[in-house]
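Take a look at the structure set out below.
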Amino acid sequence: MILNPASSDLLVDDAEVPKPKSFRDRNKWIFLLLIEIGQFGLSYSFGGISTLQVQFEKFMGVTEIEYARLIQAQSIPGLILPIFAGVLTDYYGASFSFISGIVLTALGQLLVLAATIKLDYWLLFAGLIIKSSGVKVFYLGKAKMIRLWYRDSEMGKVTSISMIVSTSASIACDIGYPNIYQLTNTLYWPYTVAFALVFIAFIASLIQTRYHTVLMRGQQKLDIEVKERQTLGKAFQALKKFPTAFWLIIFSSVMETISFSATKMYESKFLQTSFNFTPGQAGFILAGGLVVTATVAPFAGCFVDKFGYLPQMLILSAFLNIGGIAGNALAPKCDRCFLPAVPLALMCAGSGVKEVVIMSAKMRLIKEKNFGFALSIFTTISSLMLLIYPGITGQIAQSTFKESGYVYVFLANVGMAVCSLLLMIWLLFNDTKTGKRLQRIMESRTSTLVAMAEYNNRDFFEPTIKKLVDTKRAQTTVPTKRIDKSLRDSF
């Protein structure tokens, strides 16, 4: 039974009053399409350095250590920027950081393009720092928006779609950069195409931000206080209340990400030097690994939505990652054989499972109003590790590559991956002791803003529910408890 203000009767059958779709339900998939177009452009532009390592060595004389510094440059903004950006995202809203991130990324990509034209290493270094800043700010805004738009029960599917788009961009990157280079024999044409994609992402993001603004304005029609804003002081107070499981997720996922990234950053050169593939062929093999990621991710998302078991899925991802990295270290050399595709597929399958499960886990543990700040903590810790660890692997590569290739680099990465596995096992025991929040099936609980949007089209919110109930109480003999119950049911 629900309220029908157009009728003289207080209570009517549900079938008599059709429930119109809310703004959120009518537009959630268009919104997701637009936000993923933005993600595609940024993800494509972000991954271009590792696919052309050999070419940077050829045209710019980049050494192994200098190459490691370029990877580190992308982590420098993550040391401080995400904390402030996360708080600003919680305070000013997701649209602020979302658009700011796109603009910074476009500026950084323009500098990178100029660096490839002038063959200027330090201009390239600066461009990567600015571009990385933009990408990190963009993802904070994107995560906040998704947290506000979608129900908990939808998060697995949404993060799977996001993972597919991100992986598709990486596939396009692995194929596009080296093959455009082979066609043009220049460094700047691949980055020209990347800049064009960032510009398209900017246009899509402007449209998508408009949708978010309309959704946020809906709160003004309701007698419900919804706060997207969060001050720095409140953010740090909330930090003390974050559960132990959150910190275990942060450090275990960062370590697995580091071990995967520190392996993949050398994968293109590894394929070219150990197996005699051309840059374009190496790009297609790397893209094949990412196809595995895009295939595995949606299954992982649907699995955790239907069955739960997030810690167990993380442990599975860690074993796949360890097997893939160890396979790289142990694979015998051959002439253009596809043996290295097997460990690459294992690594990428583990990455697909991990990315989807980690995002779902963080959204289960952290409230919407603190989510931007919580995600910034993850970004900061990840950036700190990425700033330190590639320097270590760069020194190892510089010292051992001529005699042993990247074997010792890969073995160091196996050690990092084993550490992440141990933390994930700890997470499983911790979650078991504290109510199995990460292992159970989530209810269809909505975020506050999604719940608000569900009622946005119902006329009886003007005047407010409270006034309507007071009026009807004076006109009817229906018991108060029945009125209150009918209201709750209509929500």
Side-chain angles (χ1 to χ4, degrees), residues 47-71 170-171 173-179 181-182 185 256-293 318-352 389-418:
I49 298 298
S50 61
T51 59
L52 295 174
Q53 180 186 358
V54 175
Q55 287 66 44
F56 277 108
E57 293 175 354
K58 175 183 175 182
F59 284 92
M60 299 176 66
V62 174
T63 66
E64 291 283 356
I65 293 177
E66 288 174 332
Y67 172 69
R69 285 176 186 160
L70 292 177
I71 303 300
S170 298
I171 291 170
C173 170
D174 287 342
I175 295 174
Y177 278 92
N179 283 281
Y181 164 78
Q182 282 192 179
N185 201 33
E256 183 169 339
T257 300
I258 293 296
S259 63
F260 174 83
S261 299
T263 302
K264 194 172 183 294
M265 65 184 274
Y266 294 110
E267 196 76 23
S268 179
K269 185 177 177 180
F270 173 63
L271 293 171
Q272 293 176 59
T273 56
S274 297
F275 301 95
N276 299 322
F277 288 108
T278 66
Q281 290 170 334
F284 276 107
I285 293 173
L286 292 175
L290 292 173
V291 169
V292 175
T293 300
F319 275 116
L320 290 171
N321 188 49
I322 292 169
I325 299 172
N328 268 354
L330 300 174
K333 293 183 180 181
C334 58
D335 186 27
R336 297 190 181 183
C337 68
F338 289 95
L339 183 62
V342 177
L344 178 63
L346 289 175
M347 286 170 51
C348 290
S351 176
Y389 192 71
I392 297 172
T393 56
Q395 290 287 350
I396 295 173
Q398 185 79 4
S399 302
T400 63
F401 178 77
K402 289 182 180 179
E403 295 80 17
S404 308
Y406 288 123
V407 171
Y408 290 103
V409 172
F410 295 151
L411 289 177
N413 295 338
V414 168
M416 179 68 72
V418 169

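Excluded from the calculations below are hydrogen atoms, water molecules and symmetry mates; all remaining heavy atoms, backbone and side chain alike, are included. Along the sequence shown, residues are numbered consecutively beginning with 1.
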Looking at side-chain heavy atoms only, is the closest gap between [X] and [Y] below 4.5 Å?
X      : Y      : answer
Asn413 : Tyr389 : yes
Glu267 : Ile285 : no
Val291 : Ile171 : yes
Lys58  : Val54  : no
Glu57  : Lys269 : yes
Val409 : Phe401 : no
Glu64  : Gln53  : yes

Pairs satisfying side-chain hydrogen bond (donor to acceptor under 3.5 Å, both in side chains), at least one member in residues 278-287, at least two apart: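 Checked against side-chain hydrogen bond (donor to acceptor under 3.5 Å, both in side chains) - neighbours excluded - the pairs reaching residues 278-287 are Thr278-Gln281.
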
Stepwise side-chain contact (heavy atoms from CB on, under 4.5 Å) check, Phe284 with Asn179: CA-CA 9 Å; Phe284 276 107; Asn179 283 281; 3.6 Å; yes

Sequence neighbours excluded and cut-off under 3.5 Å, please list the side-chain donor-acceptor pairs for residues 336-346, or say none.
{"residue": "Arg336", "atom": "NE", "partner": "Asn276", "partner atom": "O", "Å": "2.7"}
{"residue": "Arg336", "atom": "NH2", "partner": "Asn276", "partner atom": "O", "Å": "3.4"}

Interatomic distance, Asn321 atom CG to Met416 atom CE [nearest 0.5 angstrom]: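 CE of Met416 is found 11.5 Å from CG of Asn321.
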
Pairwise distance CG(Leu52) to CE(Met60) - rounded to 0.5 angstrom: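 Reported to 0.5 Å precision, the distance equals 11.5 Å.
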
With a 3.5 Å distance limit and no angle check, can you tell me whether [X] reaches the backbone of [Y] through a side-chain donor-acceptor pair?
X      : Y      : result
Thr263 : Ser259 : yes
Thr293 : Cys348 : yes
Tyr67  : Tyr266 : no

Please report the shortest heavy-atom distance between [X] and [Y], naming the atom on each side.
X      : Y      : answer
Ala262 : Thr393 : CB-CG2, 4.4 Å
Ile325 : Phe260 : CD1-N, 4.4 Å
Ala68  : Pro390 : CB-O, 3.5 Å
Phe275 : Pro332 : CE2-O, 3.4 Å
Ala417 : Ile322 : CB-CG1, 3.5 Å
Ile396 : Ala412 : CD1-CB, 4.2 Å

Check against side-chain contact (heavy atoms from CB on, under 4.5 Å), Gln272 and Ser268: CA-CA 6 Å; Gln272 293 176 59; Ser268 179; 3.0 Å; yes

Tyr408, OH: over 12 other non-hydrogen atoms inside 6.0 angstrom: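 12 or below, so no.
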
Contacts of type ring-ring contact (aromatic ring centres under 6.0 Å, His included), residue Phe277, not counting sequence neighbours: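 With neighbours one apart ignored, the set is empty.
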
